[in-house]
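Working notes, beginning with the structure itself.
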Amino acid sequence: MVEPLALETLLVHGRSAGHPVARSEDGVRDFGALRARVAGWRTAFAAHGGQRYALFIEDTFEFAAALLGAWHAGVCVYLPADARPATLDALKAHVDGFAGRAPQGQGPLAPAGNEDGSTAAFQPLSPRLAALVVYTSGSSGEPTAIPKRLSQLSSEVATLGRLFDADVGDAPVLATVSHQHIYGLLFRVLWPLTSGRPFDAHVLPYPEDILAALRTGPGLLVASPAHLKRLPATLDWAAVRGNLRGLFSSGGPLTPEALQACRDLLGRAPVEVYGSSETGGVAWRQRDTDDSASWRTMPGVAVRAEDDALRVQSPHLDLPPGEWFTTEDRARPVPGGFELLGRRDRLLKLEEKRVSLSAMERALVAGGLLREARVLPLTEGHRVILAVVGVPDAEGWRLQEPGGRRSLSQALREKLAPHFESSALPRRFRYLEAMPVNSQGKSTEAALAALFDPKRPPFRVLERSDERVLLAVEVPANSPYFDGHFPGSPILPGVVQVEWSLLLGREHFALPPDFLRIETLKFQQVIAPGTLLSLELTWAKESGRLGFKLTSAAGSHASGRIVLGGGAG
């Protein structure tokens, strides 16, 4: 291992020009290339002016250079979680410009060329620099902007080094998570830069990619629970587990199934990191043999349980002296750390009664039939009702087979009835193979609410396997998609047929978030109101292609392949 460097003086002291920084398909990019690229970005930010820039670049090496270039130009970087048009448009009112991806019609900043990075003078960064604005995942509402000073990031990176450098050595960093989120930023960019450990410039979206990367040599894997719980046992993990030098997970609770899969397939339990966008890292644990191991607080972090809430003091927070940050988690202190007791109750007033959505979620999972559950309020007309998005276990899926989804929904309502008022019982249900997650591995309330969109067609599952599902899909005569298309002779628009295929594909497979293109699209005959369709969906994970075929008693209607991509930086 090389000597670790402080984030503030990373480019002042530096490393040898040939020291490896990042690996990509083009080869290894070294510290000399980083210095030159940072200098080019610094010049570009300074010349353009302004103090706040949004940054979204998928290549992690280029992202790191732009980030450091912005900081050395005194610029605060805003990190959007994705580059969707709505996300970038929402940032226009808060920033002076965009680097990497930009809203339509607005040119992004590009680094200046022909600057000799080897002779460019870099001054130490101020710990008080307003360095970053990150966003919460939006898992329980709209994302919230969280400002970070450089000292908070530098302190946390140094903590990671003290805790884990000796265990993982100089193995290159591989990642399934985006550097646009605070966890990915710290673990796959800032910590490797300061510790001298190279990182892969591109994300690994699929288990097959992880396997291929580990076949080439040692690696440290930075992952999320969403990825670790989908490791196929059919892949040859035994051939590469000796190259896995470290495994990290953060962003949410690791299910018992995912923990056991890591032990069985990868030969180790991950180091789980507990924290949030607001707090940074708070604690960690590694459950190699003990499923109930407690969380151990990180150096310099203090916690206490008060008023049924975990409270935190930490150098990773920017709080006035003596103040504590109150989390949304319940906890019980133990020597050296704490045990988590679940989320604090999310309370909703429904029919003049206070209902705990968190308690209802716990009751749904504890009662069997569901492995995961999320409860959310929906507005229907002038009233609010509760809806459930659930991931059934094997028994839950079996219960649907004779009576359809209604049988499972009724069974869940009966399990909840002894604990909640009848007026508060959920009225709407959706069942998925896996919760929809964004590039941060989080299920947002907006994504869950979209499952109840009235434009979504009614359907039932006829056949299901890991790579194929056959659905019976109703085309309601009152669907809003028939409005104006066409008066007197309504037909279902082709774009809606593709949209339904993708929407239902996301409910039955763990698909990447980004639509890239569509291939071999064919429309054979029109679909009239009231048609009962068969929709066959096939998912080819290796190529990222979702195939669809719509048929009915009248014959074939449409077919094609939707190509999807990672969406992570």
Side-chain angles (χ1 to χ4, degrees), residues 4-15 21-22 29 31-57 59-80 91 94-101 108-112 115 117-118 120-135 145-161 178-196 199 277 280 315-316 318 569:
L5 299 175
L7 193 56
E8 292 89 341
T9 56
L10 176 66
L11 292 171
V12 178
H13 300 310
R15 304 192 188 280
V21 171
R29 287 177 263 186
F31 198 82
L34 178 69
R35 281 184 62 93
R37 204 62 173 167
V38 172
W41 277 107
R42 178 184 62 177
T43 298
F45 282 113
H48 194 270
Q51 297 297 307
R52 301 169 301 172
Y53 279 80
L55 173 61
F56 188 99
I57 297 177
D59 183 290
T60 306
F61 176 84
E62 194 66 33
F63 170 88
L67 181 70
L68 292 172
W71 288 347
H72 279 277
V75 166
C76 180
V77 171
Y78 284 60
L79 282 190
L91 279 172
H94 303 283
V95 299
D96 301 307
F98 292 80
R101 300 280 192 94
L109 192 69
E115 180 166 351
S118 64
F122 288 97
Q123 300 300 316
L125 294 170
S126 168
R128 298 300 296 168
L129 174 70
L132 203 64
V133 173
V134 297
Y135 289 85
I146 309 295
K148 299 277 184 181
R149 295 194 180 276
L150 188 69
S151 58
Q152 296 170 253
L153 303 172
S154 181
S155 172
E156 185 159 4
V157 167
T159 296
L160 296 179
S178 170
H179 55 232
Q180 298 287 144
H181 182 250
I182 189 66
Y183 168 49
L185 173 69
L186 289 164
F187 276 77
R188 66 175 289 206
V189 182
L190 300 184
W191 179 29
L193 283 174
T194 57
S195 64
F199 54 79
S277 299
H316 314 154
D318 190 22

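Annotation: salt bridge (charged side-chain N to carboxylate O under 4.0 Å, His left out) contacts involving residues 45-57, sequence neighbours excluded, comprise R52-D96.
Using a distance-only test at 3.5 Å, with no hydrogens or angles considered, a donor-acceptor pair links the side chain of T43 to the main chain of A39. For the pair Q180 (side chain) and V134 (backbone), a donor-acceptor distance under 3.5 Å is absent. The backbone N or O of L153 sits nowhere less than 3.5 Å from a side-chain atom of E156 that would complete a donor-acceptor pair.
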Determine, step by step, whether L193 and F199 satisfy the side-chain contact (heavy atoms from CB on, under 4.5 Å) criterion, reporting the C-alpha distance in whole Å, the side-chain angles of both residues, the deciding distance to 0.1 Å, and the verdict.
CA-CA 8 Å; L193 283 174; F199 54 79; 4.0 Å; yes
Test side-chain contact (heavy atoms from CB on, under 4.5 Å) applied to S277 and H181, step by step
CA-CA 8 Å; S277 299; H181 182 250; 3.7 Å; yes
Can D59 and R29 be said to form a side-chain contact (heavy atoms from CB on, under 4.5 Å), step by step?
CA-CA 12 Å; D59 183 290; R29 287 177 263 186; 2.9 Å; yes
Show, in sequence, the C-alpha distance, side-chain angles and deciding distance for L125 and L7, and conclude whether the side-chain contact (heavy atoms from CB on, under 4.5 Å) test is met.
CA-CA 8 Å; L125 294 170; L7 193 56; 5.6 Å; no
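Residues P108 and G100 approach most closely at CB-O, 3.0 Å, considering heavy atoms. In terms of heavy-atom proximity, L55 sits nearest to A66 at CD1-CB, 3.8 Å. Closest of all the heavy-atom pairs between L91 and A54 is CD1-CB, 3.9 Å. When all heavy atoms are compared, the tightest approach of Q152 to H316 is NE2-O, 2.9 Å. The two residues A44 and A112 come nearest to each other via the heavy atoms CB-N, 3.9 Å. The two residues P111 and E62 make their nearest non-hydrogen contact at CG-OE2, 4.2 Å.
Each of V189, L185, L186, L10 was compared with V157 under the side-chain contact (heavy atoms from CB on, under 4.5 Å) criterion, and only L186 meets it. Each of F187, F56, F63, W191 was scored for a ring pair (Phe, Tyr, Trp, His ring centres under 6.0 Å) with H179, with one residue passing: F63.
Taking SG of C76 as the start and NZ of K148 as the end, the distance is 12.0 Å to the nearest 0.5 Å. To the nearest 0.5 angstrom, R101 atom CZ is 10.0 Å from I57 atom CD1. The distance from atom CG of L190 to atom CG of L67, rounded to the nearest 0.5 Å, is 6.5 Å. Here the CG atom belonging to L109 is positioned 5.5 Å from the CH2 atom belonging to W41, to the nearest 0.5 angstrom. Once rounded to the nearest 0.5 Å, the distance linking CD of E8 with CD of Q123 reads 14.0 Å. We find the OG-CG distance between S178 and L79 to be 8.5 Å, quoted to the nearest 0.5 Å.
Residues R15 and V21 fail the side-chain proximity criterion, which asks for heavy atoms closer than 4.5 Å. The shortest distance between side-chain heavy atoms of R128 and D318 falls below 4.5 Å. When side chains are defined from C-beta on, L11 counts as touching F31, because their heavy atoms get closer than 4.5 Å. Taking 4.5 Å as the limit, every side-chain heavy atom of T194 sits out of range of all side-chain heavy atoms of P4.
A tilted orientation is assigned to the rings of Y78 and Y135, their planes being inclined by 30° to 60°.
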